[in-house]
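Data first, discussion second: the structure below is written as structure tokens.
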Protein chains: 2
Amino acid sequence: MFVGCTHVAPPIRIGDKWTGKIIRCLETGPRRFSELQIPLAGITPKVLTETLRAMERDGLVTRTVYAEIPPRVEYELTPLGRTLLKPMAACCEWTEAHLPNLLDAREAYEHRASDPLQPAQPHKP
Amino acid sequence: MFVGCTHVAPPIRIGDKWTGKIIRCLETGPRRFSELQIPLAGITPKVLTETLRAMERDGLVTRTVYAEIPPRVEYELTPLGRTLLKPMAACCEWTEAHLPNLLDAREAYEHRASDPLQPAQPHKP
DNA sequence: CTGTATCCTCGCCGATACTG
DNA sequence: CAGTATCGGCGAGGATACAG
């Protein structure tokens, strides 16, 4: 699904593990299959193919095959895919600005939960 | 994870199924547990509790218990939680503007795949 | 009303090996 | 190089029942 989408809940692959990163990798231009594997450290060819196929299906990327040997395939963001860069930038800005706060809150919460002297509202006394 | 976050991959519950919707439900003010169940059609109490606990842990919502009978519990966005409204709005705008395009692309792709006369690049002839 | 406690399903994702 | 084919784990999330 697409994060923040309240009223519809279609199976749009944006909240999955890789789509967002792939979009950013393609931001500056077309990339080959093996080029994408580098920044997406650890992704298996199977999963990369699955994700790219889904993005192609949704009109977010184009897949261009060059009749060469060895074979070369390039993936590129479509205009529609490029429209996703804006909301994704907003999300990245949020992360840069507020992720430390969130992590602090999380740590404070853990301390509260494990501190027997100052338990705020322990649900497991 | 938080969608669009390339460089970090922390377990932030925003790309999950319900967190985004809950944030929007709390946008206009505090809501009770049972009030949240209405717009989040079909969510089970177990999952709603899990999601709210995770959000509380991350400092996105506060949980206030009123010593009444019957019991009343209200959830409200924290200032940190409210900072998420901006990127989420950007995401919602994208969906309103471009989701139809994506759905059209998907339908066109399916037709190409199933049409034996005009196969663009069938991977399964 | 506001949760807990179990059990279970389903599909994302990874590991590995193989192919044109 | 750019995939496909299989197998399998694991965890999010749902169904159901029960409790304070």
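These values consider heavy atoms only, across backbone and side chains, with no hydrogens, waters or symmetry-generated copies. Each chain gets a letter, A, B and so on, in the order its sequence line appears, and its residues count up from 1. If you're wondering where the values come from, they're calculated on a predicted model, not measured in any experiment.
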First locate atom [atom1] of [X], then atom [atom2] of [Y], and finally report the distance between them rounded to the nearest 0.5 Å.
{"X": "K86(A)", "Y": "C91(B)", "atom1": "NZ", "atom2": "SG", "result": "11.0 Å"}
{"X": "I14(B)", "Y": "L84(B)", "atom1": "CD1", "atom2": "CG", "result": "5.0 Å"}
{"X": "W94(A)", "Y": "T83(B)", "atom1": "CH2", "atom2": "OG1", "result": "5.5 Å"}
{"X": "E27(B)", "Y": "R82(B)", "atom1": "CD", "atom2": "CZ", "result": "7.0 Å"}
{"X": "L26(B)", "Y": "L85(B)", "atom1": "CG", "atom2": "CG", "result": "9.5 Å"}

For this session: Assign a letter to each nucleotide of nucleotides 13-20 of chain C from its 5' end: B, base within under 4.0 Å of a protein heavy atom; S, sugar-phosphate only; -, no contact.
Result: BBB----B
For this session: Test side-chain hydrogen bond (donor to acceptor under 3.5 Å, both in side chains) on R31(B) and Y75(B) and set out the steps.
Result: CA-CA 5 Å; R31(B) 293 287 181 271; Y75(B) 295 90; over 6 Å; no
Exercise. With a 4.0 Å cut-off, would you call R106(A) and E110(A) a salt bridge?
Worked result: no
How many whole angstroms separate atom [atom1] of [X] from atom [atom2] of [N]?
{"X": "E74(A)", "N": "dC1(D)", "atom1": "CD", "atom2": "P", "value": "14 Å"}
{"X": "R53(B)", "N": "dG3(C)", "atom1": "CZ", "atom2": "C1'", "value": "8 Å"}
{"X": "L48(A)", "N": "dA2(D)", "atom1": "CG", "atom2": "C1'", "value": "10 Å"}
{"X": "I69(A)", "N": "dG3(D)", "atom1": "CD1", "atom2": "C1'", "value": "16 Å"}
{"X": "Y75(B)", "N": "dC1(C)", "atom1": "OH", "atom2": "P", "value": "14 Å"}

Problem set entry | DNA chain C contacts made by residues 27-40 of chain A, counting heavy atoms under 4.0 Å | none
For this session: Check whether any side-chain nitrogen or oxygen of R63(B) sits under 4.0 Å from OP1 or OP2 of dG3(C), and answer yes or no.
Result: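 Yes, within the criterion.
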Exercise. Within 45° of the ring axis of Y109(A) and under 6.0 Å from its six-membered ring centre, is that where the NZ or CZ of R57(B) lies?
Worked result: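 No.
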Problem set entry | Contact nearer the 5' end of DNA chain D, comparing P70(A) with T49(A) |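 By nearest-heavy-atom nucleotide position, the 5'-most residue is P70(A).
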